[in-house]
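Here is the structure we will look at, set down as structure tokens.
Naming: A, B, ... by sequence-line order, numbering from 1 per chain. Note: hydrogens, waters and symmetry copies are ignored here, and every other heavy atom, side chains too, is used.
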There are 2 protein chains.
Amino acid sequence: MIMKNVKLLLESKNIRPSFQRLKIYKLLAETKEHPSVETIYNELKEEIPSLSKMTIYNTLELFVEKKLARLITIEENEARFDAITTIHGHFKCTKCGRILDFPIDESLLPNPGNGFTVNDVDFFVRGICPGCRN
Amino acid sequence: MIMKNVKLLLESKNIRPSFQRLKIYKLLAETKEHPSVETIYNELKEEIPSLSKMTIYNTLELFVEKKLARLITIEENEARFDAITTIHGHFKCTKCGRILDFPIDESLLPNPGNGFTVNDVDFFVRGICPGCRN
DNA sequence: TTGAATTTTATAAAGATTCAAAATATAATA
DNA sequence: TATTATATTTTGAATCTTTATAAAATTCAA
């Protein structure tokens with residue numbers, strides 16, 4: 001993803017495209033690893049030595065608010081993030097620890113029932129991935 | 001749920017039915033609130049003044065291991081627990097904060113695909129509950 | 001270029017969880 | 001019953017993630 005497009009995307013959501021925000025979004029969009037704050041920090045601190053974790057927390061919170069990112073609570077301890085905001089499932093391999101995306105048919109999703117307003121759906125599966133089974 | 005049956009249940013899972021474990025299981029089984037460690041601690045400390053949170057952490061971990069309880073990660077910060085271990089959905093009302101159960105048709109559940117071993121499924125929905133909409 | 005608003009940074013504080021060791025309770029054996 | 005071994009609980013400190021606060025730096029517009 002080229003920077004110019006990241007910039008346009010943030011601006012389309014009324015987010016000022018600061019250097020840090022651009023870098024954080026670009027990283028998130030280019031990885032499939034569902035990184036934590038810690039991971040993002042480690043990936044970027046070489047390029048941005050002044051970077052503080054607080055900036056990452058603030059930025060991700062802003063992205064989630066503006067629906068540029070999703071917060072994933074599949075891990076017990078730390079928040080994970082995903083730049084893909086359309087509905088999809090998350091598979092966590094309890095052996096290698098990776099979190100993988102998989103498509104889900106939205107029309108088949110369970111529904112809490114009449115009278116409930118649904119704003120957000122998470123579908124988490126835990127088990128062993130094909131690579132770890134061999 | 002009477003204590004005798006709690007005792008039998010724990011014993012059937014090879015868990016020594018200590019006083020603390022019995023009380024913690026009974027509380028978890030009799031509430032629909034999906035309590036946190038903190039909540040369980042506050043509920044029980046009057047009856048068991050010596051109780052420590054560490055015991056609750058240890059006990060719940062043991063229960064989850066032995067499939068007497070489920071760990072629910074719908075909250076960003078704290079772990080919640082549920083004595084119902086069969087597959088069902090969780091709805092979190094972002095207004096009143098309550099976490100409610102709802103049934104889901106297991107045969108319709110999305111599947112990560114061939115080659116994946118599935119051990120555990122979580123289905124979380126966030127939104128507004130009927131009570132809070134009025 | 002100046003000044004106001006925003007963003008980033010550094011530091012501290014809070015909250016949840018884990019660790020290690022001591023104290024207590026339970027079970028097994030003599 | 002007394003003794004010993006084992007399991008459980010408690011305590012207090014440590015760690016880890018996240019949040020709060022305020023100062024410093026940066027950006028933007030006049």
Side-chain angles (χ1 to χ4, degrees), chain A residues 3 6-7 10-11 13-27 34-66 68-81 97 99, chain B residues 3 6-7 10-11 13-28 33-66 68-81 97 99:
Chain A
M3 267 306 177
V6 178
K7 187 163 179 287
L10 298 206
E11 281 169 344
K13 297 277 187 174
N14 291 310
I15 297 172
R16 296 231 298 228
S18 72
F19 183 69
Q20 288 84 343
R21 286 171 176 171
L22 290 170
K23 288 293 181 183
I24 292 168
Y25 185 84
K26 189 169 190 288
L27 175 67
H34 309 89
S36 64
V37 167
E38 178 75 17
T39 305
I40 294 172
Y41 178 73
N42 290 330
E43 298 268 333
L44 292 179
K45 74 179 171 191
E46 194 172 333
E47 190 179 359
I48 318 172
S50 73
L51 185 65
S52 87
K53 281 189 193 170
M54 196 64 240
T55 300
I56 302 172
Y57 279 105
N58 289 336
T59 300
L60 291 171
E61 187 186 16
L62 182 64
F63 287 173
V64 170
E65 241 174 68
K66 302 280 191 172
L68 279 181
R70 277 181 68 83
L71 165 63
I72 298 166
T73 62
I74 198 171
E75 292 280 11
E76 204 179 327
N77 300 317
E78 64 184 1
R80 299 295 204 97
F81 295 87
I99 297 170
Chain B
M3 267 306 177
V6 178
K7 188 163 180 287
L10 298 206
E11 280 170 343
K13 296 278 188 173
N14 290 313
I15 297 171
R16 295 229 302 227
S18 73
F19 182 69
Q20 287 86 341
R21 287 171 177 171
L22 290 169
K23 288 294 181 182
I24 292 168
Y25 185 84
K26 189 169 189 289
L27 175 66
L28 194 62
E33 300 298 317
H34 308 89
S36 64
V37 167
E38 178 74 18
T39 305
I40 295 172
Y41 178 73
N42 289 330
E43 298 267 335
L44 291 180
K45 74 179 170 190
E46 194 172 335
E47 190 180 356
I48 317 173
S50 74
L51 185 65
S52 85
K53 281 189 191 169
M54 196 63 239
T55 299
I56 302 172
Y57 279 105
N58 288 336
T59 300
L60 291 171
E61 188 186 15
L62 183 64
F63 287 173
V64 170
E65 240 174 69
K66 301 281 190 170
L68 278 182
R70 277 181 70 83
L71 165 62
I72 299 166
T73 61
I74 198 171
E75 292 280 11
E76 205 178 327
N77 299 318
E78 66 182 3
R80 299 295 203 98
F81 295 88
I99 297 171

Just compare C/dA10, D/dT10, D/dT19 and give me whichever is closest to any side-chain atom of B/Ile48.
D/dT10
Between D/dT17, C/dT9, D/dT10, which nucleotide has the shortest distance from any of its atoms to the side chain of A/Glu38?
D/dT17
I want to verify a distance call: between C/dT17, D/dT9, D/dC28, whose nearest atom is closest to the B/Thr59 side chain?
D/dT9
Below the 4.0 Å mark, does C/dT26 have OP1 or OP2 next to a side-chain nitrogen or oxygen of B/Ser18?
no
Using the side-chain heavy atoms of B/Met54, tell me which of these nucleotides is nearest: C/dT8, C/dA27, C/dT18.
C/dT18
Check the distance between C/dA16's P and B/Lys53's NZ and give it to me in whole angstrom.
7 Å
With sugar-phosphate meaning primed atoms plus P, OP1 and OP2, does A/Thr55 contact a base, only sugar-phosphate, or nothing at under 4.0 Å between heavy atoms?
base
C/dT17 C1' sits how many Å from B/Phe81 CZ, rounded?
10 Å
Distance check needed: D/dT17 C1' versus B/Glu76 CD, whole Å only.
10 Å
Interatomic distance where CD1 belongs to A/Ile24 and C1' belongs to C/dT7 [whole Å]
11 Å
Verify salt bridge (charged side-chain N to carboxylate O under 4.0 Å, His left out) between B/Arg80 and B/Glu33, making sure each step is shown before the conclusion.
CA-CA 9 Å; B/Arg80 299 295 203 98; B/Glu33 300 298 317; over 6 Å; no
On the nucleotide C/dT7, are OP1 or OP2 found under 4.0 Å from the side-chain N or O atoms that A/Arg21 carries?
yes
Determine: side-chain N/O of A/Ser50 to OP1/OP2 of C/dT9, distance under 4.0 Å, yes or no.
yes
Given atom OH of A/Tyr57 and atom P of C/dA10, what is their separation to the nearest angstrom?
16 Å
Result for side chain to side chain contact (heavy atoms under 4.5 Å, CB included) between B/Pro35 and one of B/Ile99, B/Ile40, B/Leu27 points to B/Ile40
So if I take every side-chain heavy atom of A/Ser52 and compare against C/dT18, D/dT18, C/dA10, which nucleotide ends up nearest?
C/dA10
Is any side-chain heavy atom of B/Leu22 closer than 4.5 Å to one of B/Lys7?
yes
Closest heavy-atom pair, B/Glu11 versus B/Pro17, reported as atoms and distance to 0.1 Å, is OE2-CG, 3.6 Å
What integer distance in Å separates A/Asn58:CG from D/dA24:P?
19 Å
I need the CD-P distance between A/Glu78 and C/dT17, as an integer number of Å.
14 Å
Would you say B/Gln20 reaches C/dA25's phosphate, i.e. side-chain N/O to OP1/OP2 under 4.0 Å?
no
Side-chain heavy atoms of A/Phe63 within contact of A/Ile24, under 4.5 Å
yes
Tell me: CD1 of B/Ile56 to P of C/dA16, nearest whole Å?
13 Å
